[in-house]
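Worksheet for the structure shown next.
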Amino acid sequence: MVDTGAKMVTARRAVASARVLMDAETVTALRDHRTPKGDPLEAARLAGIMAAKRTADLIPLCHPLPLTHIDVQATIEDDGVSLRSEVSTNAQTGVEMEALTAVSIAALTVYDMCKALEKGMTITDVRLEAKTGGKSGDFKRES
């Protein structure tokens, strides 16, 4: 792992997003609460939160961090599900990987919960939207 011992503890925050694209029939089933395994949005929210907390166990060389806040949101749209995570900490390194892990696992959970309805869903656009804090400064995606 990278040595972060000389770095100052500062407030860090990261926001990530992802999408699960699906057929209109699957979107309708989601809106009508007709998915065989239960509520994919709530399961995805909880899975994303749990995943953010376990990021250091999943990604080699990733520092375990004391997370102070995790929020995962899943929204039904006309072409699928939009996912967003926000993760915060006070630490010597950033939480980008935790935010990205949260939306990735949330997207996989949506797929798992809906695969009985549609196998051809696409998980796409997993990306960092913004980050604050740290030596490299702030980042905000423009498009």
message = I need the single residue from V72, V126, V15 that forms a side-chain contact (heavy atoms from CB on, under 4.5 Å) with V103. Which is it?
response = V126
request  = Check for a donor-acceptor pair, side chain of K140 on one end and backbone N or O of E142 on the other, with a separation under 3.5 Å.
outcome  = no
task = Report yes or no: do L30 and I123 belong to one cluster of Ile/Leu/Val/Met/Phe/Trp/Tyr joined by side chain heavy-atom distances under 4.5 Å?
result = yes
note = Nearest heavy-atom contact between A14 and L128 is CB-CD1, 4.2 Å
task = Hey, could you give me the CD/CG distance between Q73 and D71, rounded to the nearest 0.5 Å?
result = 4.5 Å
query = Quick one: salt bridge (charged side-chain N to carboxylate O under 4.0 Å, His left out) pairs with a partner in residues 108-117, sequence neighbours left out?
reply = K37-D112, D112-K115
task = Might you work through the salt bridge (charged side-chain N to carboxylate O under 4.0 Å, His left out) test for D32 and R34, ending with a clear yes or no?
result = CA-CA 5 Å; D32 294 345; R34 291 186 290 108; 3.6 Å; yes
Atom of K131, atom of S136 and distance for their closest heavy-atom approach = NZ-OG, 3.2 Å
query = Can you tell me if T109 uses its side chain to pair, donor with acceptor, with the backbone of I105 under 3.5 Å?
reply = yes
ask   = After noting the C-alpha distance and the side-chain angles of R84 and E86, does the key distance pass the salt bridge (charged side-chain N to carboxylate O under 4.0 Å, His left out) rule?
value = CA-CA 7 Å; R84 181 182 181 280; E86 180 177 335; 3.7 Å; yes
Report all side-chain donor-acceptor pairs from residues 45-64 shorter than 3.5 Å, counting only partners two or more places apart or in another chain.
{"from": "R45", "atom 1": "NE", "to": "E42", "atom 2": "OE1", "distance (Å)": "3.1"}
{"from": "R45", "atom 1": "NE", "to": "E42", "atom 2": "OE2", "distance (Å)": "3.4"}
{"from": "R45", "atom 1": "NH2", "to": "E42", "atom 2": "OE2", "distance (Å)": "2.8"}
{"from": "R54", "atom 1": "NE", "to": "D57", "atom 2": "OD2", "distance (Å)": "2.6"}
{"from": "R54", "atom 1": "NH2", "to": "D57", "atom 2": "OD2", "distance (Å)": "3.1"}
{"from": "T55", "atom 1": "OG1", "to": "A51", "atom 2": "O", "distance (Å)": "3.2"}
{"from": "T55", "atom 1": "OG1", "to": "A52", "atom 2": "O", "distance (Å)": "3.0"}
{"from": "H63", "atom 1": "NE2", "to": "V2", "atom 2": "O", "distance (Å)": "2.8"}

key: Sidechain N-carboxylate O distance under 4.0 Å for D23, K119   = no
Worked check of side-chain contact (heavy atoms from CB on, under 4.5 Å) between V95 and M97 = CA-CA 5 Å; V95 289; M97 295 311 301; over 6 Å; no
Path from L21 to L83 over hydrophobic side-chain contacts below 4.5 Å = no
note = With sequence neighbours left out, the residues meeting salt bridge (Lys or Arg N to Asp or Glu O under 4.0 Å) with D138 are none
ask   = Are Y111 and V27 linked, directly or through other ILVMFWY residues, by side chains that come within less than 4.5 angstrom of each other?
value = yes
ask   = Atom CZ of R12 and atom OG of S88: how far apart are they, to the nearest 0.5 Å?
value = 12.0 Å
request  = Give, for atom CD1 of I70 and atom CG of L67, the distance between the pair rounded to the nearest 0.5 Å.
outcome  = 4.5 Å
remark   = The reported gap from OG1 in T35 to CD in E118 (rounded to nearest 0.5 angstrom) is 13.0 Å
query = Nearest 0.5 Å, what's the CE-CG distance between M113 and L108?
reply = 13.5 Å
message = Tell me the closest heavy-atom pair linking V110 and P40, and the distance in Å.
response = CG2-O, 4.3 Å
Rounded distance [0.5 Å steps], CG in L65 versus OG1 in T89 = 5.0 Å
task = Go through V81 and T75 one step at a time and tell me if the side-chain contact (heavy atoms from CB on, under 4.5 Å) criterion holds.
result = CA-CA 5 Å; V81 176; T75 307; over 6 Å; no
task = Taking the side chain as every heavy atom from C-beta outward, state whether E77 and R19 have any pair of such atoms under 4.5 Å apart.
result = yes
